[in-house]
Amino acid sequence: MISYRAIVPAELDRVTEWVVTEPVGWIAADRYLAELAENMYRPEWTWIAEVGDRVVGRALWWGPRDSAYPVALDCLDVDPAVGERTEVAAELIRAALAVFPRPVQYAIKAAGGWRDDPATSAAVEWRRAAAHAAGLTGEVERLQFEWAPADGVPPAAGALRFAEASDEEFLAVFTRIAEGSLDFHTRTSVAAKGVDAAAREEMDFYLGAPGKREWWRIACTHEGEVAGMAIPSATPYSVNVGYLGVVPEFRGRGYVDEILAEITRMHAANGESRITATTDVGNAPMAAAFLRAGYRNTEIRINLSNDFQS
């Protein structure tokens with residue numbers, strides 16, 4: 001019989017000995033222990049499936065340092081010797097979700113073109129099926145990008161000027177950008193909550209992110225019309241592009257390139273050696289803008305969630 005539970009601190013070695021052999025992203029022992037020390041992984045968030053005294057499955061949940069509960073499943077694996085890995089993995093997720101409040105997210109990380117590689121496709125699909133079976137049925141596939149100084153700093157085109165602004169001014173631009181957005185999260189949030197609430201939620205997220213509020217800029221034409229905004233931000237691991245957008249009446253003029261370039265230049269001027277960014281697979285214009293700016297697509301993330309309102 002398989003049992004499912006969180007570990008206690010004395011059992012950390014039972015988790016850190018685990019190695020994932022399939023071609024998907026996973027959390028190795030050194031990273032787990034480093035972030036355990038930072039309170040982003042915790043024994044009570046680390047779940048195992050076991051048969052007797054043998055660990056046959058592992059689920060590592062992650063959360064911000066000061067969070068009462070985890071917000072993401074970072075690593076999921078089951079020993080193929082147990083038989084039906086999908087069923088065991090689904091039960092492992094369900095057991096944790098019975099304790100954790102919702103919503104949570106699970107990102108399966110793989111190389112681009114994963115569907116064309118049988119080993120990678122199989123590794124993704126059984127995990128994806130387990131997440132769906134456990135209730136993480138909201139799904140969007142996202143492209144992960146990365147920039148380094150060797151990729152070059154985009155020049156300023158000069159068509160826009162960038163200025164600091166109040167929270168009220170930024171909220172107004174968040175609201176305008178949400179209209180007609182190609183971003184999956186924004187579209188589903190607007191459909192569920194309305195454009196005003198969706199914009200407020202988006203802005204609150206970035207106010208709470210590790211990035212600095214003083215980095216934010218409104219983008220204006222030289223005639224003084226608001227064209228969009230640039231929000232350089234950060235995660236616990238690196239600075240990132242954060243949020244950028246163009247208001248509906250100025251879309252199609254290439255302003256996205258200048259706004260992205262401004263964010264990149266700001267981080268580069270601060271001496272950053274790595275900038276990350278993501279966009280939905282379905283948001284082809286944004287993906288193309290990243291490539292034009294020198295960003296490289298480093299992986300695909302299949303994001304699965306039980307937050308049906310976002």
Side-chain angles (χ1 to χ4, degrees), residues 2-7 20 24-27 35 40-49 57-78 84-110 114 123-144 178 181 183-194 197-206 208-209 235-236 278-283 299-310:
I2 302 176
S3 59
Y4 305 87
R5 63 177 177 86
I7 67 166
V20 176
V24 292
W26 65 288
I27 307 301
E35 295 191 27
M40 293 187 288
Y41 292 120
R42 303 176 197 174
E44 64 269 27
W45 294 355
T46 301
W47 283 68
I48 58 173
R58 183 181 83 157
L60 306 183
W61 298 81
W62 179 96
R65 295 177 180 88
D66 58 352
S67 178
Y69 297 99
V71 298
L73 174 57
D74 265 5
C75 185
L76 176 69
D77 197 34
V78 173
E84 183 46 68
R85 300 170 85 184
T86 298
E87 292 180 8
V88 174
E91 193 56 40
L92 189 53
I93 296 172
R94 289 191 197 102
L97 291 183
V99 177
F100 305 148
R102 300 183 176 192
V104 294
Q105 181 174 276
Y106 171 35
I108 307 172
K109 302 173 184 179
W114 63 268
V124 168
E125 289 299 348
W126 76 256
R127 290 172 170 85
R128 180 173 173 268
H132 278 217
L136 306 183
T137 56
E139 181 175 336
V140 61
E141 196 165 326
R142 292 178 66 81
L143 299 165
Q144 177 78 9
S181 173
D183 181 78
F184 175 83
H185 173 91
T186 301
R187 287 189 289 109
T188 53
S189 186
V190 168
K193 306 169 185 176
R200 177 79 252 181
E201 182 180 78
E202 195 87 66
M203 179 169 165
D204 287 345
F205 173 83
Y206 286 101
T235 71
T278 62
T279 193
D280 299 340
V281 167
N283 193 345
E299 69 181 15
I300 301 288
R301 295 183 177 182
I302 300 94
N303 288 350
L304 302 141
S305 174
N306 58 3
D307 180 5
F308 304 110
Q309 300 300 314
S310 63

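Predicted model only: the values in this text are computed from it and were never measured.
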Minimal heavy-atom distance between Leu143 and Asp280, with the atoms involved, is CD1-O, 4.5 Å
On a heavy-atom basis, the closest approach of Glu202 and Thr186 is OE1-OG1, 3.4 Å
Separation between NE2 (His132) and CD (Glu125), nearest 0.5 Å, reads 9.0 Å
Separation between CD (Gln144) and CZ (Arg301), nearest 0.5 Å, reads 4.0 Å
The reported gap from CD1 in Ile7 to CD1 in Ile48 (rounded to nearest 0.5 angstrom) is 7.0 Å
I want to check something: taking the side chain as every heavy atom from C-beta on, are Arg128 and Glu139 in contact at a cut-off of under 4.5 Å? yes
Quiz item: Quick one: does Asn306's side chain have a donor or acceptor within less than 3.5 Å of a partner on Val104's backbone?
Solution: yes
| Contact check, side chains of Leu136 and Gln105, non-hydrogen atoms, under 4.5 Å | no
Side chains of Glu141 and Phe184 in contact at under 4.5 Å (non-hydrogen atoms): no
Here the pair of heavy atoms bringing Ser189 nearest to Ala198 is OG-CB, 3.4 Å
For the residue pair Leu73 and Leu60, establish whether any side-chain heavy-atom pair is separated by less than 4.5 Å. no
* Asked: Passes side-chain contact (heavy atoms from CB on, under 4.5 Å), Ile93 versus Trp47? Steps please.
  -> CA-CA 9 Å; Ile93 296 172; Trp47 283 68; over 6 Å; no
CH2 of Trp126 to CD of Glu87, rounded to nearest 0.5 Å, is 12.0 Å
Closest non-hydrogen contact found for Ile2 with Ala49 is CG2-CB, 3.9 Å
* Asked: Donor-acceptor pair, Arg85 side chain versus Ala130 backbone, under 3.5 Å?
  -> no
Report task. Side-chain contact test, heavy atoms from C-beta onward, threshold under 4.5 Å: evaluate it for Tyr106 versus Leu76 and give yes or no. Result -> yes
Correct closest heavy-atom pair for Pro64 and Arg42 would be O-NH2, 3.3 Å
Sorted by chain and number, sequence neighbours left out, side-chain contact (heavy atoms from CB on, under 4.5 Å) with Glu35 holds for Arg31, Met40, Tyr41, Trp62, Tyr237
- Task: State, with a plain yes or no, whether a side-chain heavy atom of Leu92 is found less than 4.5 Å away from one of Arg58.
- Result: no
Closest non-hydrogen atoms of Trp61 and Pro70, given as atom of the first, atom of the second and distance, are CB-CB, 3.8 Å
**Message:** Taking Asp183 first and then Arg142, would you say they form a salt bridge - that is, a charged N and a carboxylate O separated by under 4.0 Å?
**Reply:** yes
